[in-house]
Amino acid sequence: MIAYIIRRVLYAIPILIGVNVITFFLFFVVNSPDDMARMHLGHKYVTPAAVQNWKEEHGYNKPLFWNAGAQGMDKFTDTIFFDNSVRLFAFDFGQSDSGRDIGYDIHQRMWPSLAIAIPTLLIGLLINITFALLVAFFRATYIDVWGVIICVTMMSISGLFYIIGGQFLISKLLHLVPISGYDTGLNAAKFLVLPVLVGILSGIGNGTRWYRTIFLEESNKDYVRTARAKGLSERLIQYRHILRNALIPILTGVVVVLPMLFMGSLITESFFSIPGLGSYTIDAINRQDFAIVRSMVFLGSVLYIIGLILTDISYTLVDPRVRLES
Amino acid sequence: MKTKVFPVAALLLFCLGGCSDTPWNSPYPESNAGRKIYYSSFSERPKHLDPAISYSEDEAIFIGQIYEPPLQYHFLKRPYQLVPLSATKVPQPVYYDADGNRLPDKAPDTKVARAVYTIHIKPGRYYQPHPAFARDKNGHYLYHHLDASDVADIHSLKDFPRTGTRELVARDFVYEIKRLVKPGIQSPLAGLMSRYIAGLSDLGKRLREAAKHGPIDLRDFDFEGARVVDRYTYQIVLNQKYPQFVYWLSMNFFAPVPWEADAFYDQPGMKENNISLDWYPVGTGPYMLTENNPNRHMILKRNPNFAGETYPTEGEPGDRKAGYLDKAGQQMPFIDEAYYSLEKESIPAWNKFLQGYYDTSGVLSDSFDQAIQFGSSGEPELTPAMKKKGIRLQTAVQPSIWYLGFNMNDPVVGGDSKRARLLRRAISIAIDYEEYISIFANGRGIPAQGPIPPGIAGSQQGRAGINPYVYDWVNGQARRKPLSKALELMQEAGYQDGRNVKTGKPLILYYDTVSSGAGSKSVLNWYRKQFQKLGIQLVIRATDYNRFQEKMREGTEQIFSWGWNADYPDPENFLFLLYGGNTKVGHGGENAANYHNDEYDKLFVKMRAMDPGPKRNKVIARMVDILQRDAPWDWGYYPVAYSLYHSWYGNAKPNLMARNTLKYKTIDPQLRQKKRREWNQPVIWPVILLGVLLLLSIIPAVVTYRRRQRAAIR
C-alpha cells in the first residue's frame with residue numbers, strides 16, 4: 001500500500017502543474033495585468049503611470065509565460081507564471097494583491113467553514129442513514145412510498161429556499177437564534193444552529209434516497225435471504241447485516257468529500273455571514289486577485305487528490321477483499 | 001416520568017429565555033447590553049485604510065472617524081461649508097507672481113505663479129495609543145528595530161504588549177503629503193496633486209530613484225510644495241491658483257500620519273503578517289480601530305487620547321425644532337463604540353435592522369415596498385409597520401449624477417454638426433427619466449436638468465434651472481417636451497421614421513454597457529423602447545467591466561451610462577467632467593464623453609479660478625447653457641438617498657459630504673434594549689409541537705412493525 005500511495009502522490013505533481021497552467025491561462029485570458037491594476041486602484045483619477053507602478057510593484061510587469069528578452073533559464077523563470085506558481089508546491093501562498101498573507105487568511109477562515117461543515121456532515125449522515133433504514137425497513141408500504149415522495153420533494157427545493165425560509169421562520173418569526181453572524185469559541189454555537197440545521201434539511205432528500213437505494217440493493221442479496229431463512233428478525237438483519245455491508249459505499253462516499261469540507265459553502269456563508277473559505281475564492285475572482293485565486297484552486301486540487309487517495313485506502317479498510325496493488 | 005419531561009423542558013426553556021436580558025436571537029454578546037454602542041453593517045470589505053490610498057465610501061466610514069485632516073464640513077449648516085478640524089482656521093491662500101511678488105487676493109489666475117496656504121494646527125492633540133510610539137525608559141523606540149523572527153508570532157497590534165503616544169505636530173501633515181508619491185503607495189491623488197502642488201511630481205521621481213537602492217525615509221526628502229514653518233505651522237505651495245484646493249484639505253489624503261507609523265509598519269515581516277497602515281490606521285480622531293476582521297466585523301472604540309471637540313451650537317433654521325441642537329456645546333463623541341458587521345446579503349441585514357440589531361439602514365429595492373409608501377402629494381413616507389416601530393426616514397439629494405453620455409468623437413452621435421446636436425436633443429427628450437426613476441429607482445431620484453446637482457453652488461432651481469431643450473415650464477413645473485417635438489427634431493436632423501432620409505438606411509445606435517445579468521435585462525429593454533419611440537434601433541453591446549473601461553479609454557463606445565459622485569461641494573467638480581483638457585481619449589481624464597467646446601473650455605478655466613459669488617454663478621450659468629445646447633449628455637437624474645433610523649438613534653441629520661459624522665450621533669441604549677426585548681420574544685410552542693408530532697408519527701411505524709412480525713410467512 002505504501003508504494004501505491006507514493007505512486008499516487010507522484011502522479012499528483014504533473015496534475016497540479018497542469019491545474020496551475022490551466023488556471024493561469026484561463027485567468028489571464030479574461031484579465032490582463034492592466035485590468036487587475038485598474039480594479040485595485042479604483043475608478044477615479046487612475047493614471048497610466050499609477051497602473052504601471054502597481055504592475056511593477058506586484059510583479060505583473062513581466063511577460064506571462066516566456067520572457068524573450070531574458071537570458072538562459074531566466075526566459076522561463078523571470079515570468080509571472082513562474083513567480084506565482086513555483087512556491088505553491090511548498091505551500092507558500094505568498095501575499096494577495098491587496099497585501100494580505102494568504103496562508104494566514106486560509107488558516108483563519110477554514111475553522112468557521114469546518115464548524116458548519118463537520119456537524120452538518122456527521123449529523124446529516126446519522127439522520128439520513130436512520131431515515132433510509134426506516135424507509136427500507138418498511139419497503140413497499142405506504143411509509144416507503146410517502147418517504148420517497150417527501151425525499152424527492154425535498155431534493156427538488158433549492159438550497160437557497162431552505163436558507164431564506166429557515167432565517168424567516170426560525171430567526172425572524174420565532175426569534176430563536178440570530179439571523180446571521182459569528183463568534184469565536186463556544187459562543188459560536190448559537191450562530192451555527194441555523195446553518196447546520198438548514199444544511200441537514202437540504203441534504204435529507206438526496207441522502208436518504210441514495211442510502212435507501214444502497215440498503216435495498218443489499219437486502220436483495222443472497223446472504224440476507226439466508227439470514228431470513230435462518231429465522232433472524234428483520235430488525236437484526238437490518239442492523240447487523242445490511243447496515244454493515246451498506247456502510248462500505250456510504251463511508252467511501254463520505255471520505256472523498258472530507259477534504260473538501262475545508263472549502264466551505266459560498267451561499268451558506270454569505271447568507272449567514274460566516275467568515276469562512278466559501279466566499280474567499282469568489283470574492284477574489286470578483287476583485288481579480290489572482291494570487292488568491294491560484295492559491296485556492298491549487299489548495300482545492302490538493303485536497304481533492306488527498307480525498308481520492310483516502311477513498312482508495314478506506315476501501316481496503318472496510319472491504320478486506322480489496323487490495324491496492326501495482 | 002416521561003409525561004413530566006415535556007412540561008419541565010418547556011418551563012426550563014421559558015426560564016432560560018426570561019433569565020437573560022438579551023433576546024435569544026441577539027447576535028451580540030450579553031456584556032454589550034445597555035452600552036452606548038452603535039451597530040451597523042457593511043457589505044464589501046474595505047480594501048484600503050491607508051489615508052493616502054483610501055478613496056471609497058465603504059472605507060471612509062472607518063477612517064473618517066480615525067483621522068483628522070485640517071478641515072471638515074460643518075455638520076448642520078447648508079450649503080455645505082468648511083470649518084476647522086485639526087487646523088485653527090480655514091486657510092486663505094496668499095498669491096505670488098513668478099518673481100515672488102505678493103499679489104492681491106483677487107489676482108487673476110494668469111498672474112499667479114504660487115499660491116501658498118499657511119495652516120496652523122491646534123496644539124495638544126495626541127495620537128491614539130499605538131505600539132509605534134512605545135518607548136523604553138531611555139526614550140528609545142521599543143518596536144522600531146524588529147526583524148522577521150521577532151514578529152513571526154504576531155498577527156495583530158494587540159500582540160504588542162506596550163503602546164505609546166505623542167503630540168500631533170505640523171511635520172506629520174507634511175509627511176503625509178510626501179506619502180502621496182511614496183513608492184509602494186498607489187495614491188489615486190498622486191497624479192492630480194502632482195499637477196498642483198509645487199515639486200510633488202519631482203519628489204515622486206526622486207523617491208522612486210532612491211527606492212531602487214534600498215528603503216527610504218521620507219523625512220530625508222524635502223520639497224517645495226510642503227514645508228514645516230514651526231512645530232504647529234506648515235505651508236502647502238501650489239503652482240497655480242486653485243481655489244477648490246481647500247476642499248481637498250477636508251479629505252483623508254491630507255490628514256496627518258506620523259513617521260513612526262511608517263517606520264513601524266515597514267519593518268521586515270510586518271506586511272507578511274498583515275500588519276500595515278492599510279489595516280491598522282493611526283490617527284488623532286475620536287475613534288480608533290481596535291478590531292479589523294473584515295470577514296466578520298470591524299470595531300471602532302473611543303480614542304482615550306482624543307483632544308475633544310464640542311457639538312456645534314448653530315445650524316440651519318429648523319435644526320433646533322428637529323432636536324439637532326439639543327447637544328449644543330457638549331463634548332463629543334457621545335457613542336463609545338461602533339460595531340460594523342459584514343453582511344453580504346441584503347435580506348439578513350434588513351431583517352436584523354427590523355429586529356433592532358442594526359441602528360440604521362438604507363432602503364434597497366427588495367425592501368422598498370415594505371418600508372416606503374408615497375402619500376397623496378407624492379412625498380415618500382413610512383409604511384404603518386415602520387411607524388409602529390418608531391422608525392424614522394430621512395431623504396437627501398446626493399451630490400451625484402447618473403447620466404447617459406454620447407461619445408462626441410463618434411461620427412453618428414458625436415461632433416458639433418447641427419444634425420448630431422438635433423439627434424442628441426431628440427434622444428434626450430425621448431428617454432423618459434421620470435419613468436426610469438419611478439420604475440427602476442423606486443422614485444428615489446430627481447430628473448437632472450444639467451450637470452450640477454441641487455445644493456451645489458451654481459445649481460439653479462425652478463424655471464431658471466430647467467433644460468429648455470428638453471423641458472417646458474408649465475403651471476409652475478418642469479414638464480418634459482412631448483414626443484412629437486423629438487420626432488420633429490429627428491426630421492430636422494434628416495431622419496424620418498428612424499431612417500436616414502438621404503440614404504434610406506435605418507438608424508442603428510450602439511449602447512455600450514457592463515450590465516448583462518438577469519437584473520439588468522429589464523433596464524436594457526427599457527432603453528431599447530425609449531429609442532424605439534424615435535424609430536431608432538438600439539443595439540446593446542454588453543461586456544465585462546474591463547472591456548468596457550478599455551472601450552472608454554480608446555473611445556470606441558457610442559452611447560454609455562456613467563455617474564459621478566462629488567469629491568467636494570463645488571461646481572468645478574462637476575463641470576470638469578466636460579472640460580476639453582480632461583477628455584478620456586487623449587488625456588486619460590474624466591471627460592468620458594470626450595466633449596470639447598472652445599467657449600466652454602475658456603469659461604471653465606476662468607470659472608475654476610474665480611471666488612464664489614454672483615459673478616462666478618453667472619459664468620457657470622453660461623457654461624450650463626452651452627452644455628444644454630450641445631447636449632453631450634442626456635442629463636439623467638440625481639439620486640436621492642433614503643435612510644432609516646431607529647427611535648434611539650439621535651442627531652441623524654444627513655450630511656452627504658462629511659465622512660466623520662459618528663462623533664455627533666447619540667444612542668439611547670436603554671430604549672434600544674427595551675425595544676429589542678419587545679420585538680424579539682422567543683416563540684417556543686411551534687418547536688414543542690413539532691417534537692410532539694414527530695413522536696406521534698412513530699406510532700404508525702411501530703404498529704406496522706408489530707403487525708409484520710406477527711404476520712405469517714408468505
Side-chain angles (χ1 to χ4, degrees), chain A residues 30-32 34-35 37-42 44-50 53-54 57 95 98-101 104-105 108-109 112 134 137-138 141 143 164 167-168 171-183 187 190-191 233-235 269-273 275-276 279-280 283 287-288, chain B residues 23-29 45 47-48 55-56 155 183-184 186-192 208 271-274 276 278-279 293 295-297 341-345 347-349 351-352 354-355 357 544-547 549-550 567 588 590 679-684 686-687 700-701 704-705 708-709:
Chain A
V30 180
N31 308 292
S32 65
D34 272 16
D35 297 337
R38 286 178 194 282
M39 181 62 84
H40 280 91
L41 292 171
K44 284 187 174 181
Y45 305 120
V46 178
T47 60
N53 286 339
W54 188 92
E57 275 154 29
Q95 296 218 297
S98 54
R100 296 276 301 175
D101 178 15
Y104 180 77
D105 276 351
Q108 287 294 301
R109 296 178 75 143
L134 196 70
F137 186 78
F138 291 105
T141 66
I143 292 175
I164 296 176
Q167 286 181 324
F168 178 76
S171 298
K172 191 172 177 189
L173 284 188
L174 302 184
H175 308 137
L176 294 177
V177 290
I179 287 179
S180 64
Y182 189 74
D183 205 341
N187 297 327
K190 70 174 174 179
F191 296 101
S233 70
E234 197 61 28
R235 186 170 53 84
E269 289 175 10
S270 287
F271 272 86
F272 290 105
S273 298
S279 57
Y280 194 47
D283 287 347
R287 285 199 311 269
Q288 292 175 30
Chain B
W24 287 15
N25 64 348
S26 171
Y28 307 120
R45 82 161 176 86
K47 284 189 208 152
H48 300 289
Y55 203 1
S56 73
H155 294 283
Q186 309 299 336
S187 174
L189 231 62
L192 181 70
R208 273 194 297 280
K271 201 174 172 190
E272 288 76 10
N273 285 6
N274 301 320
S276 66
D278 223 9
W279 285 84
N293 183 354
N295 304 317
R296 194 178 137 210
H297 59 212
S341 302
L342 177 65
E343 292 284 359
K344 282 175 173 284
E345 300 293 333
I347 296 174
N351 285 323
K352 281 164 90 169
L354 293 179
Q355 289 177 331
Y357 294 122
D544 62 41
Y545 182 70
N546 290 323
R547 298 289 79 75
Q549 288 278 14
E550 203 178 308
D567 290 313
E590 299 296 334
W679 297 339
N680 295 291
Q681 285 296 320
V683 180
I684 302 168
V687 177
T704 307
Y705 171 72
R708 184 180 279 188
Q709 289 298 100

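The sequence lines fix the lettering, A, B, ..., with proteins before strands; numbering per chain opens at 1. Keep in mind that this is a model prediction, so the values were computed, not measured.
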Tell me, side chain or backbone of H297(B) under 4.5 Å from chain A's heavy atoms, or both, or neither? neither
Please classify the contact of K47(B) with chain A as side chain, backbone, both or neither, using a heavy-atom distance under 4.5 Å. side chain
Polar side-chain atom of K352(B) near backbone of S180(A) as donor-acceptor pair, under 3.5 Å: yes
Non-hydrogen atoms of I179(A) and N351(B) that approach each other most closely: CD1-CB, 3.2 Å
For N295(B), what residues pass the side chain to side chain donor-acceptor pair (under 3.5 Å) criterion, not counting sequence neighbours? R109(A)
Whatever's closer than 4.5 Å to a heavy atom in chain A on P686(B) counts as side chain
Heavy-atom distances under 4.5 Å only: say whether L342(B) touches chain A with side chain, backbone, both or neither. backbone
Are side-chain heavy atoms of F191(A) and P27(B) found at a separation under 4.5 Å? yes
Carefully, step by step, assess D283(A) and K344(B) under the rule salt bridge (Lys or Arg N to Asp or Glu O under 4.0 Å). CA-CA 11 Å; D283(A) 287 347; K344(B) 282 175 173 284; 2.7 Å; yes
Are the side chains of Q108(A) and R296(B) in touch, meaning some heavy atoms are under 4.5 Å apart? no
Sequence neighbours excluded, the answer for side chain to side chain contact (heavy atoms under 4.5 Å, CB included) partners of P112(A) is Y182(A), I274(A), P275(A)
Contact class of Q355(B) relative to chain A, heavy atoms under 4.5 angstrom: side chain
K271(B) with D101(A): basic N within carboxylate O range, under 4.0 Å: no
Can you tell me which portion of Y28(B) sits under 4.5 Å from chain A's heavy atoms? Options are side chain, backbone, both or neither. backbone
Under 4.5 Å to a heavy atom of chain A? For W279(B) that would be side chain
